[in-house]
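Read the structure below first, then the notes.
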Amino acid sequence: MSEWRNIWKESIEICQNTVLNKNKDGDYFKKLRNKIEKDEYTQEDTMPYKDDRMVDFEEGIACECLNQYDKAIKLYEKVSDEVNGLPVKHWRKRASFFLERVQQKKSGRVFSDNIIDNLNLTDLFNVQWNTFYYIHTFVNLPNHIRYLAISSISRIDSEPQMAIVIFRTCMEEVFRDLYPDIYEENRKTHKDLETLINKLYNRKFLLLKKDEKQLELEYDLCTEIRKRGNDAAHGNYVDYNKPTYLIDTLKYFLQLMNFSNIAMSQKYQTRK
């Protein structure tokens, strides 16, 4: 893993802990920026997180999640700046999208509690980066699942097959975490993911265990992510240049991770 990905991965975890613990003073990010590590080659002390713009971006997301709009705006302005912001142009564009959304929130725009209603389902960029944000708000997901989800969403426009395979992996990891005994039984008998989903469905487990309508919805979402992940993994023909396919995939995945986050919260109360 490259250094910038290591920095981003740790920043995502700090963002999660900040939101989960409602740390509005920014103490976790201050500690991260002051972290000292040995340079891999020179063995000299370095502070790789101190001035990294991905750290700033993740702190901006944490502030937005905590409704600290003024602080989020300052951080998003910093990372979207064309001269001193994020070093890659397409990341600056993404940060500008985040800046526009939080400015709308500050101005009083009301966003729906139903997160799907907040997506412009005709615009892949809108759906991709709103999904990226909402996964950040799902702080009850185990960090490794959350990181896989966030990093793969960021690449779905450029590496759709890889991203969608990882979506399937995230779903499987949720089941591994929620139902370890059933998952292990399925693995030891060499059963596939479809068998596991059907087993959980027949036992009325899956995620929220709310009612038949919710169970059917969850089953449909699991089936879509499984099938699309299989197609991507096996090289089956799919027109990934068709925005509606990627938009629908993101929508299904977002709903599934939303339910997973709620299920994790119910099982563990809080995750740290």
Side-chain angles (χ1 to χ4, degrees), residues 1-2 5 8-9 12 90 116 119 121-132 134-135 138 141-203 205-207 214-261 263-264:
M1 188 181 292
S2 64
R5 282 208 172 271
W8 186 30
K9 183 178 183 181
I12 288 172
H90 60 254
I116 302 302
L119 308 180
L121 294 175
T122 64
D123 182 346
L124 175 57
F125 185 86
N126 177 287
V127 175
Q128 179 183 6
W129 293 100
N130 271 317
T131 299
F132 180 92
Y134 281 120
I135 297 292
F138 299 162
L141 292 176
N143 181 61
H144 74 284
I145 298 176
R146 196 166 163 274
Y147 171 72
L148 284 174
I150 288 168
S151 60
S152 56
I153 289 165
S154 75
R155 300 200 299 271
I156 195 171
D157 55 338
S158 58
E159 301 175 88
Q161 289 160 289
M162 180 185 294
I164 294 169
V165 168
I166 294 173
F167 289 177
R168 184 189 63 179
T169 300
C170 289
M171 177 177 67
E172 190 168 356
E173 286 297 303
V174 166
F175 292 140
R176 184 204 294 263
D177 192 288
L178 288 175
Y179 308 111
D181 293 341
I182 300 174
Y183 181 91
E184 190 61 20
E185 173 193 331
N186 198 72
R187 187 190 68 80
K188 284 183 176 179
T189 54
H190 306 288
K191 303 296 184 182
D192 58 14
L193 182 57
E194 182 179 9
T195 302
L196 176 62
I197 292 170
N198 286 332
K199 188 178 295 184
L200 293 171
Y201 171 76
N202 291 331
R203 296 186 188 184
F205 281 179
L206 286 182
L207 298 170
Q214 176 69 26
L215 184 66
E216 293 296 330
L217 173 58
E218 292 174 6
Y219 181 77
D220 290 344
L221 293 172
C222 291
T223 299
E224 283 292 343
I225 294 300
R226 178 186 62 78
K227 287 181 175 179
R228 290 170 186 240
N230 287 351
D231 284 340
H234 300 146
N236 298 337
Y237 176 75
V238 173
D239 186 359
Y240 292 107
N241 292 316
K242 191 175 180 181
T244 53
Y245 184 85
L246 299 183
I247 287 170
D248 285 344
T249 304
L250 284 163
K251 181 178 70 173
Y252 299 145
F253 184 64
L254 177 59
Q255 288 177 288
L256 188 62
M257 289 298 102
N258 185 25
F259 297 149
S260 300
N261 181 60
M264 294 287 184

Report task. Evaluate the criterion side-chain contact (heavy atoms from CB on, under 4.5 Å) for residue pair Val174 and Met257; output intermediate values, then yes/no. Result -> CA-CA 9 Å; Val174 166; Met257 289 298 102; 4.1 Å; yes
Report task. For side-chain contact (heavy atoms from CB on, under 4.5 Å), just list the numbers for Leu200 and Leu196, CA-CA rounded to whole Å, side-chain angles, deciding distance to a tenth of an Å, and then say yes or no. Result -> CA-CA 6 Å; Leu200 293 171; Leu196 176 62; 4.2 Å; yes
Requested in this report: Given side-chain contact (heavy atoms from CB on, under 4.5 Å), test Phe167 with Leu256 step by step and report yes or no.
Outcome: CA-CA 10 Å; Phe167 289 177; Leu256 188 62; over 6 Å; no
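- Nearest heavy atoms, Cys170 versus Ile145: SG-O, 3.8 Å.
- Checked against side chain to side chain donor-acceptor pair (under 3.5 Å), Tyr201 has the following partners two or more places apart in sequence or in another chain: Glu216.
- The aromatic rings of Tyr147 and Trp8 lie perpendicular to each other, with more than 60° between the two planes, well past the 30° mark.
- In terms of heavy atoms, Asn261 sits closest to Leu141 at OD1-N, 3.4 Å.
- The side chain to side chain contact (heavy atoms under 4.5 Å, CB included) test applied to Arg176 returns Glu173, Tyr183, not counting sequence neighbours.
- We find the CD1-CZ distance between Ile197 and Phe175 to be 5.5 Å, quoted to the nearest 0.5 Å.
- Note that the CD1 atom of Ile135 and the CZ atom of Arg146 stand 9.0 Å from one another [nearest 0.5 Å].
- Residues meeting the side chain to side chain donor-acceptor pair (under 3.5 Å) test with Asp231, sequence neighbours left out: Asn236.
- Checking side-chain atoms of Glu218 against main-chain N and O of Leu206 turns up no donor-acceptor pair under 3.5 Å.
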Report task. Could you give me the CA-CA distance, side-chain angles and deciding distance for Glu194 and Asn230, then say whether side-chain contact (heavy atoms from CB on, under 4.5 Å) is met? Result -> CA-CA 10 Å; Glu194 182 179 9; Asn230 287 351; over 6 Å; no
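- Looking at residues two or more places apart in sequence or on another chain, you find a side chain to side chain donor-acceptor pair (under 3.5 Å) between Asn126 and Asn130.
- Within the structure, salt bridge (Lys or Arg N to Asp or Glu O under 4.0 Å) contacts touching residues 160-172 (residues at least two apart or in different chains) do not occur.
- Looking at residues two or more places apart in sequence or on another chain, you find a salt bridge (Lys or Arg N to Asp or Glu O under 4.0 Å) between Arg155 and Glu159.
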Donor-acceptor contacts, no H, no angles, side chain residues 247-255, under 3.5 Å, sequence neighbours left out:
unit_1	atom_1	unit_2	atom_2	d
Thr249	OG1	Arg228	NH1	2.7
Thr249	OG1	Tyr245	O	2.7

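- Remark: Leu246 pairs with Leu124, Ile156, Pro160, Ile164, Tyr240 by the side chain to side chain contact (heavy atoms under 4.5 Å, CB included) rule, at least two apart or across chains.
- Atoms CG and OG, from Leu178 and Ser260 in turn, are 7.0 Å apart once rounded to the nearest 0.5 Å.
- The CG atom of Leu193 sits 9.5 Å away from the CG atom of Asn198 when rounded to the nearest 0.5 Å.
- Of all heavy-atom pairs spanning Ser152 and Ala163, the tightest one is O-CB, 3.3 Å.
- Qualifying ring pair (Phe, Tyr, Trp, His ring centres under 6.0 Å) partners for Tyr179, counting only residues two or more places apart in sequence or in other chains: Phe205.
- The side chain to side chain contact (heavy atoms under 4.5 Å, CB included) check on Asp239 picks up Tyr237, Asn241, Lys242, with sequence neighbours excluded.
- The two residues Ser154 and Gln128 make their nearest non-hydrogen contact at O-NE2, 3.4 Å.
- Under the side chain to side chain donor-acceptor pair (under 3.5 Å) criterion, Lys199 pairs with Glu185, not counting sequence neighbours.
- A distance of 7.5 Å separates CG of Asn143 from NZ of Lys9, quoted to the nearest 0.5 Å.
- Remark: Lys191 engages Asn186, Thr189, Thr195 in a side chain to side chain contact (heavy atoms under 4.5 Å, CB included) (not counting sequence neighbours).
- Rounding to the nearest 0.5 Å places CG of Leu121 at 7.0 Å from CD1 of Ile116.
- Scanning both residues, Pro142 and Met264, for their nearest heavy atoms gives CD-CE, 3.7 Å.
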